[in-house]
Amino acid sequence: MSIQKVGVIGCGLMGSGIAEVAARSGRETVVREVSQELLDQGLARIAGSFGKAVDRGKLSAEDRDAALARLEGTTEISGLGDCDLVVEAIVENLEEKCRTFAALDEVAKESAIFASNTSSLTITELAMATRRPERFVGLHYFNPVPVMKLVEVVRTLATAEDVLAEVHEYVRSTGKEPVSCGDNSGFIVNRLLVPYLLDAIRAYEGGVGSVEDIDKAMQLGCGHPMGPLTLLDFVGLDTTYYIANIMFEEYREARFAPPPLLKRMVLAGRYGRKSGRGFYDYGGK
Ligand code: CAA
Ligand code: NAD
């Protein structure tokens, strides 16, 4: 296995989980944030998740300590210079991601594989911001990363076969199940999930039911682990809004259009759990 050291860019909701899973799989892992404050918050989130895993008997205290010792943080892109695989998990914004990958390309090893955890952007467009489109894939994880088994592995027209094979092997070695996807916006899961989540907002806007009853209906009527409005708060309404705009721009289909209420909630800072309030009130951050 040539992927020995993993880099993660962004230590928010997703980046922290991706870094945790890499460190738990025995790899040296380095995670990059834009400021020391955000890095400290992200590393504290990872430590909290490790704690939960120990409490639930999923991880021994010795394994937790060993995994934490394999994990380091940096605010410098050059801190990722000796990684074999770098997974990007920053804000869902094309310009920001392209700028980040172009900077990474300057400092990374020639042999390093780059991956984006984007939910909806075109992997080809991100790959073309670098000089290594053949060593570029999508690696789409699911929230909460330590628990969800799936990773969508996305190939572009340029991705080399040996890189795909290496990445599939890496995903399996971390205890996850890969599925192969072509480079279409939203891949498999979000192409089906995002219209459903947006429809739940439209149902609420249209007075079909209360927030609680819409969630209860889908949980008890369809056996979903979370109702759609709880899931939206969990994913982040800001992130969902960016995703919907990108998918609507790509497909020009009404089912991907962000409902007006979603836009207004984002404008009002109601991002869901991460900001303390979304469809539900979490009593502060
Ligand atoms: N490390 C390891 N295991 C952990 C853990 C951690 N940090 N935290 C929890 N677990 C384990 C628990 O031990 C438990 O395992 P067992 O069932 O074997 O005992 C399991 O995970 C579930 O934990 P909980 O009992 O605490 O949680 P729950 O039953 O209330 O389920 C949930 C929580 C997994 C989040 C569940 O509600 C769920 O699946 N929700 C839907 C999540 C979803 O749809 N995610 C996808 C979002 S879309 C996306 O991510 C893509 C995008 O681009 C937007
Ligand atoms: P988030 O807002 O929780 O975290 C993003 C983090 O990236 C922030 O902490 C921010 O400070 C940091 N960041 C921004 N620019 C950076 C840079 N140049 N270098 C390093 N760090 C930088 O967002 P998230 O929910 O973790 O989403 C991250 C990515 O994962 C997005 O592309 C999103 O579409 C995708 N995604 C999200 C989910 C989800 O459920 N939230 C699921 C799958 C994929």
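Model, not experiment: these values are computed from the prediction.
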Task: Within-4.5 Å side-chain heavy-atom neighbours: F101 and L104 - done: yes
Open item on the list: I need the minimum non-hydrogen distance between I214 and G209, along with the two atoms involved.
Closed with: CD1-O, 3.6 Å
Open item on the list: Nearest 0.5 angstrom please: S185 OG to I243 CD1, how far?
Closed with: 9.0 Å
Open item on the list: Between T122 and T124 (side chain of the first, backbone of the second, donor and acceptor by atom type, cut-off under 3.5 Å), is there such a pair?
Closed with: no
- [ ] Answer yes or no: is there a donor N or O on one side and an acceptor on the other, between the side chain of E88 and the main chain of K97, under 3.5 Å?
- [x] no
Task: Nearest non-hydrogen partners of G42 and S16, listed with the distance - done: O-CB, 4.1 Å
- [ ] Report yes if the side chains of R70 and K5 come closer than 4.5 Å at any heavy-atom pair, otherwise no.
- [x] no
Open item on the list: Could you report the tightest heavy-atom contact between P258 and A244, atom names first, then the distance?
Closed with: CB-CB, 4.0 Å
- [ ] Verify whether one side chain among D40 and Q36 offers a donor that lies under 3.5 Å from an acceptor in the other.
- [x] yes
TODO: Look at the side-chain heavy atoms of Ile, Leu, Val, Met, Phe, Trp and Tyr, link any pair under 4.5 Å apart, and say whether V8 and V153 land in one connected group.
DONE: yes
TODO: Check whether M265 and L197 end up in the same hydrophobic cluster, where Ile, Leu, Val, Met, Phe, Trp and Tyr are linked by side-chain heavy atoms less than 4.5 Å apart.
DONE: yes
TODO: Check R255 against E253 and note the closest heavy-atom contact, atom names and distance.
DONE: NE-OE1, 2.8 Å
Open item on the list: With a 4.5 Å cut-off on side-chain heavy atoms, are V194 and F248 touching?
Closed with: no
- [ ] Mark yes or no for whether E125, through its side chain, and L94, through its backbone, hold a donor-acceptor pair below 3.5 Å.
- [x] no
- [ ] Report yes if some heavy atom in the side chain of R32 is under 4.5 Å from a heavy atom in the side chain of V86; otherwise report no.
- [x] no
Open item on the list: Are I188 and Y196 connected into the same hydrophobic cluster when the rule is that any two of I, L, V, M, F, W, Y join if their side-chain heavy atoms are below 4.5 Å apart?
Closed with: yes
Open item on the list: For L267, is there any backbone N or O sitting under 3.5 Å from a side-chain donor or acceptor partner on Y241?
Closed with: no
Open item on the list: What I'd like to find out is whether the side chain of L229 reaches to under 4.5 Å of the side chain of I201, using heavy atoms alone.
Closed with: yes
Open item on the list: Within this structure, what is the CD-OG distance for the pair E166 and S111, rounded to the nearest 0.5 Å?
Closed with: 9.0 Å
Open item on the list: For residues V211 and V235: do they belong to one hydrophobic cluster (side chain heavy atoms under 4.5 Å, members Ile, Leu, Val, Met, Phe, Trp, Tyr)?
Closed with: yes
TODO: Flag yes if more than 12 heavy atoms outside L192 fall under 6.0 Å of its CG atom; otherwise flag no.
DONE: yes
Open item on the list: Please determine whether residues V154 and F142 belong to a single hydrophobic cluster, defined as Ile, Leu, Val, Met, Phe, Trp and Tyr linked transitively by side-chain heavy-atom distances below 4.5 Å.
Closed with: no
Task: Among N93, L126, V34, I90, the one residue meeting side chain to side chain contact (heavy atoms under 4.5 Å, CB included) with T100 - done: I90
Open item on the list: Any side-chain to backbone donor/acceptor pair from R24 onto E20? Under 3.5 Å, distance only.
Closed with: no
Open item on the list: Can you give me the closest heavy-atom contact between P225 and Q219, atom names plus distance?
Closed with: O-NE2, 3.1 Å
Open item on the list: I'd like to know if the side chain of T159 and the backbone of V137 have a donor-acceptor N/O pair within less than 3.5 Å.
Closed with: no
Task: Separation of M14 CE from T118 OG1 (nearest 0.5 Å) - done: 11.0 Å
Task: Sequence-distant partners of H168, ring-ring contact (aromatic ring centres under 6.0 Å, His included), two or more places apart - done: none
Task: Any side-chain heavy-atom pair of F187 and V179 under 4.5 Å - done: no
Open item on the list: Salt bridge or not between R135 and E110? Use side-chain N to carboxylate O under 4.0 Å.
Closed with: no
Open item on the list: Once rounded to the nearest 0.5 Å, what's the spacing between atom CE of M218 and atom CG of D213?
Closed with: 13.5 Å
Open item on the list: I'd like to know if the side chain of N190 reaches the main chain of S119, judged simply by a donor and an acceptor atom lying under 3.5 Å from each other, with no hydrogens or angles considered.
Closed with: yes
Task: R270 backbone acceptor or donor facing R277 side chain under 3.5 Å - done: no
Open item on the list: Any non-hydrogen side-chain atom of I9 less than 4.5 Å from a side-chain atom of I77?
Closed with: yes
- [ ] Give, for atom SG of C181 and atom CZ of R155, the distance between the pair rounded to the nearest 0.5 Å.
- [x] 11.0 Å
Task: SB check R202 E205 (cutoff 4.0 Å) - done: no
TODO: Give a yes-or-no answer on whether the side chains of Y170 and D84 include a donor-acceptor pair shorter than 3.5 Å.
DONE: no
Task: Any donor-acceptor pair under 3.5 Å from E33 side chain to C11 backbone - done: yes
TODO: Check the pair F136 / D105 against side chain to side chain contact (heavy atoms under 4.5 Å, CB included), numbers first and verdict last.
DONE: CA-CA 11 Å; F136 201 116; D105 208 19; over 6 Å; no
Show me the donor-acceptor pairs, under 3.5 Å and distance only, between side chains in residues 143-151 and residues at least two apart or in other chains.
from	atom 1	to	atom 2	distance (Å)
N143	ND2	F234	O	3.2
K149	NZ	G175	O	3.4

- [ ] Using the side chain to side chain contact (heavy atoms under 4.5 Å, CB included) rule, take L193 and L231 through it: C-alpha gap first, then chi angles, then the decisive distance, then the call.
- [x] CA-CA 11 Å; L193 178 68; L231 183 53; 4.3 Å; yes
TODO: Might you confirm whether atom NZ of K263 has over 12 heavy atoms from other residues, nucleotides or ligands at distances under 6.0 Å?
DONE: no
Task: Candidate pair T239 and E92, rule side chain to side chain donor-acceptor pair (under 3.5 Å), full reasoning - done: CA-CA 7 Å; T239 301; E92 188 74 341; over 6 Å; no
Open item on the list: What I'd like to find out is whether the side chain of D238 reaches to under 4.5 Å of the side chain of K274, using heavy atoms alone.
Closed with: yes
Task: Distance (rounded to the nearest 0.5 Å) between Y271 OH and D233 CG - done: 13.5 Å
Open item on the list: Regarding T29 and R27, do their side chains bring together a donor and an acceptor under 3.5 Å, going by distance alone?
Closed with: no
Open item on the list: For a quick test of reading the model, state the closest non-hydrogen atom pair linking S25 to A22 and the distance between them.
Closed with: OG-O, 2.7 Å
Open item on the list: Under the criterion side chain to side chain contact (heavy atoms under 4.5 Å, CB included), I'd like the reasoning laid out for D215 against Y280: C-alpha separation, chi angles, the key distance, then a yes or no.
Closed with: CA-CA 11 Å; D215 275 350; Y280 294 89; 2.6 Å; yes
- [ ] With side chain to side chain contact (heavy atoms under 4.5 Å, CB included) as the test, would you mind laying out the steps for E249 and F256 before giving the verdict?
- [x] CA-CA 9 Å; E249 178 72 19; F256 295 110; over 6 Å; no
